Novice: 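Could you have a look at this structure, given as structure tokens, before my questions?
Side chains are part of it too, since the values below use all heavy atoms of this structure and drop only hydrogens, waters and symmetry mates. Residue numbering restarts at 1 for every chain, and letters A, B, ... go by the order of the sequence lines. Because the structure is predicted, anything quoted here is derived from the model rather than measured.
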Number of protein chains: 2
Amino acid sequence: MATRNIKEVAQLARVSVGTVSNVLNRPEIVSPATRERVFEAIKKLGFVRNEVARHLRVGRSRTVGLVVLDVSNPFFVDVAQGAEALAEDHDTMVVLCNSAGDPGRERRHLDQLEQQRVMGILITPVETETPWLEELIARGTPVVLVDRPATGLQCSVAVDDRLGGQIAGAHLVERGHRRIMFVGGPPSIKQVADRHAGLSSAVAAADGAVELLTATAPTLTVAEGRAIGERVAALPPGKRPTAAFCANDMMALGFLQAMATHGLRVPEDLAIIGYDDIDFAAAAAVPLSSVRQPRELLGRTAIDLLLEEVAEPEQHRHRQVIFQPDLVVRESSAMRRDD
Amino acid sequence: MATRNIKEVAQLARVSVGTVSNVLNRPEIVSPATRERVFEAIKKLGFVRNEVARHLRVGRSRTVGLVVLDVSNPFFVDVAQGAEALAEDHDTMVVLCNSAGDPGRERRHLDQLEQQRVMGILITPVETETPWLEELIARGTPVVLVDRPATGLQCSVAVDDRLGGQIAGAHLVERGHRRIMFVGGPPSIKQVADRHAGLSSAVAAADGAVELLTATAPTLTVAEGRAIGERVAALPPGKRPTAAFCANDMMALGFLQAMATHGLRVPEDLAIIGYDDIDFAAAAAVPLSSVRQPRELLGRTAIDLLLEEVAEPEQHRHRQVIFQPDLVVRESSAMRRDD
DNA sequence: TTGAGGTTTTGAGACGATTCAAAACAATCT
DNA sequence: AGATTGTTTTGAATCGTCTCAAAACCTCAA
């Protein structure tokens, strides 16, 4: 393994290691002649700067960790792309870690990132209480919570999920639905609980005219959505809700599939609204209505807050940024219902 | 920032730094009493091992880079998940990088990974010829090509794309289609060229009875698929192909959407086959037939080959693993066509 | 020729963990 | 007590780069 170091370059260019380092970091302070000589040596040797050693010396890395709940959910991929786009401008690398909803995996990733001495971490935590995350913060790694409001220990970027649920609920009520189901997941996931709460408030605003059902799955996946859909399709028409509001688009897609395989028409027999407005929502069997979150913007803003904190740790005040969701109405909920 | 080091731990535990290091790496060789004392000190100080310094000394990192063509394509996400799953067993971290089909981004990521001294790189290169990748290999970073056969400089895992195209083509011919369109991308992408070639060979096998059309987009995205779909839908029925084979599922999904918005029925008016069999394919407006690749297996195998090379660099012989694709027939191509 | 002022270059410590030969200690046997 | 063997612990050297005070080198003026 011909991995060259700064010393060999110095030797070949007949300068000191300090000079080579200067050429690498502050080329303007070294004379054009030597600079040229050093560049040549670098090229001839195929020297590649060892970022690890550099990092050890300067103490701060140019890497941030992004720990998401589910990489196979395009929502998080989009958040990641937003983060990466902005990070790239500050030539910083984003490493994407997948907790897959498992606190154990989450913890292992956090440990690894801390050992790596990343400059900061963006995370959508699995659970509301995460003691080791707080310890990590206490030890000095800046953290920004993504898609979840902060507790005061750190910055956060989130979207008002309660409002999102409410908008969706109001829309369904307004379209004449009187029997609405929330297709959700474990209420320990803050986002799920909030969306549910929002829907409830919209239902409550209808003064008892609307009935609210709730289905709960362990994870927010296509498969779980489909499973719940199967159960709903099996209900007698009178018992069946006329609309379903799903905790995310993955579930909505699964739910929709189940409707199709059981010959139920969407939105005629049952309207569906998803959440996140991932790109696949518009491409679904029946184009999905969905509550849109500013996905890339979430990622960008998170990086922004982090960089701000890293730049001036002293006078930094933690902030909580909250965005507003909006409803994209498509065919899956387009119809007015009149019974 | 209270970031503790091994020396402080040693001091508190009243042992030497060497002993602390031993406790961390080979606990069995230090006496239970001291070991306990050191653990206590570690806990009390909240010491977290600095992986950067460790790596500098040991010279080998536990991180591998995975550079993919498009993170928003679930196919690559699944490959990544496969890779990560196996990597985790060897407690190795996978960092996911997105070249987004841009050679410039690809290069920047490779540079960064090399500077980071990762233990190896898995990559689906943007272009067939990538000189700087070869230089990188020459300098000593092990590389495994993913979803593309190797050139001999490195290992590779791939799927026989030509066969995939052929299977899809044979299926369409057998179903009675006589006018088939390949909805593809730039032939500079090897995968695309091979799938096209496979389709061609299946068409050729029909002895001139079948006509082959080709549409080419700059990228393999949903949007491009939709755009091509729009153009096809606008053709007069006689000129229109009766089947489309798309270079990947993303394009197929877009294409399908265009059919729907123009009132063309799938598969009655036009059959569609996609490629990759991503999870969303089954959830599409009309469930998509698709050529399935063993996605997670690709990732796992790539990591496997890499670890093998890293473990015994001397006697390692580069290998090319090739998997067979298979066709999953769903509704979008289910119908027999008889004109 | 000397000195002042400016520009380049030098090289000896860090940074934090690992390694390993050597020292220290302990146990057992003559 | 001394020799022998085995187990723990030590601490200096090392990995590759950056930093910064000091040295070296220039130029120009007195």
Side-chain angles (χ1 to χ4, degrees), chain A residues 1-39 41-42 45-62 111-112 114-119 139-141, chain B residues 1-39 41-42 45-63 112 114-119 139-141:
Chain A
M1 202 161 330
T3 162
R4 272 60 212 294
N5 61 22
I6 224 181
K7 204 141 115 202
E8 296 178 68
V9 173
Q11 223 160 308
L12 181 59
R14 317 173 110 272
V15 295
S16 71
V17 294
T19 300
V20 177
S21 177
N22 282 335
V23 169
L24 258 25
N25 300 297
R26 318 205 281 307
E28 67 282 2
I29 76 160
V30 12
S31 76
T34 27
R35 198 194 311 155
E36 208 39 58
R37 214 143 30 93
V38 171
F39 276 136
I42 287 179
L45 292 177
F47 165 78
V48 174
R49 132 103 93 10
N50 186 330
E51 186 60 36
V52 177
R54 171 194 173 78
H55 173 186
L56 172 60
R57 183 62 239 265
V58 303
R60 216 152 40 59
S61 109
R62 301 300 302 168
D111 283 352
Q112 227 160 7
E114 190 181 12
Q115 287 177 16
Q116 225 74 259
R117 297 292 192 274
V118 292
M119 92 192 238
R139 280 190 297 264
T141 303
Chain B
M1 205 161 327
T3 162
R4 274 53 219 286
N5 60 22
I6 220 182
K7 205 142 113 204
E8 296 178 66
V9 173
Q11 222 160 306
L12 181 61
R14 316 172 111 273
V15 296
S16 72
V17 295
T19 301
V20 178
S21 178
N22 282 335
V23 170
L24 257 26
N25 300 296
R26 315 201 286 304
E28 68 281 2
I29 76 160
V30 12
S31 77
T34 28
R35 198 193 310 155
E36 209 38 59
R37 214 143 29 92
V38 171
F39 276 137
I42 286 178
L45 292 176
F47 165 80
V48 174
R49 131 106 103 350
N50 186 330
E51 185 59 36
V52 176
R54 172 193 173 80
H55 172 187
L56 174 59
R57 181 64 237 262
V58 179
R60 214 152 41 60
S61 110
R62 300 302 301 168
T63 304
Q112 226 160 8
E114 189 180 14
Q115 288 177 14
Q116 220 92 243
R117 297 291 191 274
V118 292
M119 95 192 234
R139 280 190 297 263
T141 304

Novice: Please tell me if the side chains of T3(A) and R117(B) come closer than 4.5 Å, counting only heavy atoms from C-beta onward.
Specialist: yes
Novice: Taking the axis from the first five pairs and the axis from the last five, what angle separates them in the helix from dG6(C)-dC25(D) to dT30(C)-dA1(D), rounded to 10 degrees?
Specialist: 60°
Novice: Could you give the CD-to-P distance, from Q116(B) to dC15(D), as a whole number of Å?
Specialist: 21 Å
Novice: Side chains of M119(B) and R62(B), heavy atoms from C-beta outward: is any pair under 4.5 Å?
Specialist: yes
Novice: Is N25(B) close to R49(B) at the side-chain level, that is, under 4.5 Å between some pair of heavy atoms?
Specialist: yes
Novice: Indicate for each nucleotide in nucleotides 16-28 of chain D, in 5' to 3' sequence, whether protein heavy atoms under 4.0 Å reach the base (B), only the sugar-phosphate (S), or nothing (-).
Specialist: BBBB---------
Novice: Hey, does the side chain of T19(A) come within less than 4.0 Å of dT10(C)'s phosphate (OP1/OP2), counting only N and O?
Specialist: yes
Novice: Does T34(B) put a side-chain nitrogen or oxygen below 4.0 Å from OP1 or OP2 of dT8(D)?
Specialist: no
Novice: Does the side chain of R57(B) reach to within under 4.5 Å of the side chain of L56(A), using non-hydrogen atoms?
Specialist: no
Novice: When all nucleic acid strands are considered with a 4.0 Å heavy-atom cut-off, which category describes V52(B): base, sugar-phosphate, or nothing?
Specialist: nothing
Novice: Verify side-chain contact (heavy atoms from CB on, under 4.5 Å) between L45(B) and V9(B), making sure each step is shown before the conclusion.
Specialist: CA-CA 7 Å; L45(B) 292 176; V9(B) 173; 4.0 Å; yes
Novice: Within a strict 4.5 Å, meaning less than it, do heavy atoms of the R37(A) and T19(A) side chains meet?
Specialist: no
Novice: Applying a 4.0 Å non-hydrogen cut-off, can you work out what S31(B) is touching in the nucleic acid: base, sugar-phosphate, or nothing?
Specialist: sugar-phosphate
Novice: Tell me the interatomic distance from I29(B), atom CD1, to dT18(C), atom C1', rounded to whole angstroms.
Specialist: 12 Å
Novice: Checking E8(A) now: which residues fulfil salt bridge (Lys or Arg N to Asp or Glu O under 4.0 Å) with it, not counting sequence neighbours?
Specialist: R4(A)
Novice: Any side-chain heavy atom of I42(B) sitting closer than 4.5 Å to one from L24(B)?
Specialist: yes
